[in-house]
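The shown structure was predicted, so the numbers you read here are calculated from the model rather than taken from an experiment. Chain A is the first sequence line, chain B the second, and so forth, proteins listed ahead of strands; every chain is numbered from 1.
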Protein chains: 2
Amino acid sequence: MLDDLSLQANGVPIYVQLREQILGLVGRGVLKPGAQVPTMRQVAVALKIDLNTVQRAYAELERDGVLSKQRGVGTFVTDRTPPQRNTRRAVQDFAFQVAAQAKGQGIALDDLAEALVKLAGRGA
Amino acid sequence: MLDDLSLQANGVPIYVQLREQILGLVGRGVLKPGAQVPTMRQVAVALKIDLNTVQRAYAELERDGVLSKQRGVGTFVTDRTPPQRNTRRAVQDFAFQVAAQAKGQGIALDDLAEALVKLAGRGA
DNA sequence: CCTAGTGTATGGTAAAACTCATACACGCGC
DNA sequence: GCGCGTGTATGAGTTTTACCATACACTAGG
C-alpha cells in the first residue's frame, strides 16, 4: 500500500500530492471503506517527509469526510464511499494533458500508449 | 477562450493550475497549432492574478515545447512538433512519469492508454 | 499499572511561492 | 520616428510550505 505512494517535484505541494493520491486510492477501492490507512508516521518515514506534512494531508481528508482518525488507534477510510474519481471524464482530461505534453516532447501517442500498456501489465 | 480558465483555492499553486489548464486546452484541440494564446496581461487581468505568475506558467510551457513566445507580438501554440524522438529510452522515461502521475490520480493505465490511442486516431 | 503505538500540538527555521510595483526590450503599424 | 501592445526583467515584501524537534493525550494490550 505504501508502495502506491510516490512524490514528484513538479511544483505541487507535497501535502496536496499525498492528499490527491490517497483520494485516488480510496476512489479506486485499493483502500476500502473501514480499512486502516497507513500510520502518519509510517507514511512520513516511507516517503521521507515530515510528520506535520502528513498530518496536514490527513486533516484535509478528514475534513472532506474521506478519512476518520482515532487517537491512539489509527486512521481509517470512512464507511460512506465518496464519489468515484476514476470517471471517464477524469481519464479524458488527464489524457488530453498527457497528449499535449507528449507533443511538446515529440513523442507519438501510439508509442506512449504501448509503453503504458506494458507498464500496466507489470502491475505498475 | 479566457472563459475556459478558472482557478481554485485548493493548495495547488496558481501557475501550476494555469499551466495544466492550458496544457489541457492544447491537447484537447481548443487551441490549435499556430493559434495565438491569450496575452499574459489578458490572462492576468481576467483571472485577477499577477503578470509574473502568468509569465511563469507560460515559461514552463515554452520550456516543454508547447508554446512559442514572440516578443512584441504574442504567444502561440507550437507549430511543428519537434523532430520525433521516439527513442525507446525517451518514451520509457516519459511513460514512467505519466504512470506515476496517473497513479496519483487513481487513473488506471489501461484506461489511459485506451484514451490516448483514440486521441492519436483523431490526429490530436 | 505500564508500555508501546497511535494521533495532536507548538515553536522555531528555511525555502519557495505569490504578489506588487516598476521598469526595460522588442515588433508592428501609423 | 513614434506610439502602442507585446514579452522580459528585477527587487522588495508577504504568505505559504516544509522541515525539525519536542512534547502531550489517548487507546489497547500485556
- [ ] Looking only at non-hydrogen atoms, find the nearest pair between B/Leu119 and A/Ala99 and report the distance.
- [x] CD1-CB, 3.8 Å
TODO: Using a cut-off of strictly less than 4.0 Å, decide whether A/Thr75 has a side-chain nitrogen or oxygen near OP1 or OP2 of C/dG7.
DONE: yes
Task: Verify same cluster id: B/Val37, B/Val30 (apolar side-chain graph, 4.5 Å) - done: yes
Open item on the list: Nearest to the side chain of A/Pro13, heavy atoms from C-beta on, is which of D/dA18, C/dT8, D/dG7?
Closed with: D/dA18
Task: Value in whole Å for how far the C1' atom of D/dG7 lies from CZ of B/Arg63 - done: 18 Å
Task: Residue whose nearest DNA chain D nucleotide is more 5′ - B/Met40 or A/Tyr15 - done: B/Met40
- [ ] Please name the pair of heavy atoms, one in B/Gln36 and one in B/Val73, separated by the smallest distance, quoted to 0.1 Å.
- [x] NE2-O, 3.7 Å
Open item on the list: Counting only heavy atoms and a strict 4.0 angstrom limit, can you tell me which residues of residues 47-56 of chain A come near DNA chain C?
Closed with: A/Leu51, A/Asn52, A/Gln55
Task: Heavy-atom closest pair, residues A/Ala57 and A/Arg19 - done: CB-N, 4.1 Å
Open item on the list: Taking the minimum atom-to-atom distance to the side chain of B/Gln42, which one of C/dC18, D/dT6, D/dA25 wins?
Closed with: D/dT6
Open item on the list: I need the CG-C1' distance between A/Leu7 and D/dT17, as an integer number of Å.
Closed with: 14 Å
Open item on the list: From the set D/dC19, D/dG7, C/dC18, return the single nucleotide nearest to any side-chain atom of A/Ile14.
Closed with: D/dC19
Open item on the list: If the cut-off is 4.0 Å, is A/Lys69 near the phosphate of C/dT6, judged by side-chain N/O to OP1 or OP2?
Closed with: no
TODO: For residues A/Phe94 and B/Val98, report the shortest heavy-atom separation together with the two atoms involved.
DONE: CZ-O, 4.1 Å
Open item on the list: In whole Å, I'd like the distance from the CD atom of A/Glu60 to the P atom of C/dT8.
Closed with: 14 Å
- [ ] May I ask you to verify whether the side chain of B/Arg41 and the base of D/dG5 hold a donor-acceptor pair under 3.5 Å?
- [x] no
Open item on the list: I want to verify a distance call: between C/dT6, C/dC28, D/dG7, whose nearest atom is closest to the B/Thr39 side chain?
Closed with: D/dG7
Open item on the list: Just the rounded figure in Å: distance from C1' of C/dG5 to CZ of A/Phe76.
Closed with: 12 Å
Task: Nearest non-hydrogen partners of A/Ile49 and A/Leu18, listed with the distance - done: CD1-CD2, 4.3 Å
Task: Spacing of A/Gln36 atom CD relative to C/dG7 atom P, expressed in whole Å - done: 8 Å
Task: Over all atoms of both residues, closest heavy-atom pair of B/Val77 and B/Lys32 - done: CB-O, 3.4 Å
Task: Interatomic distance where CG belongs to B/Leu67 and P belongs to D/dT6 [whole Å] - done: 16 Å
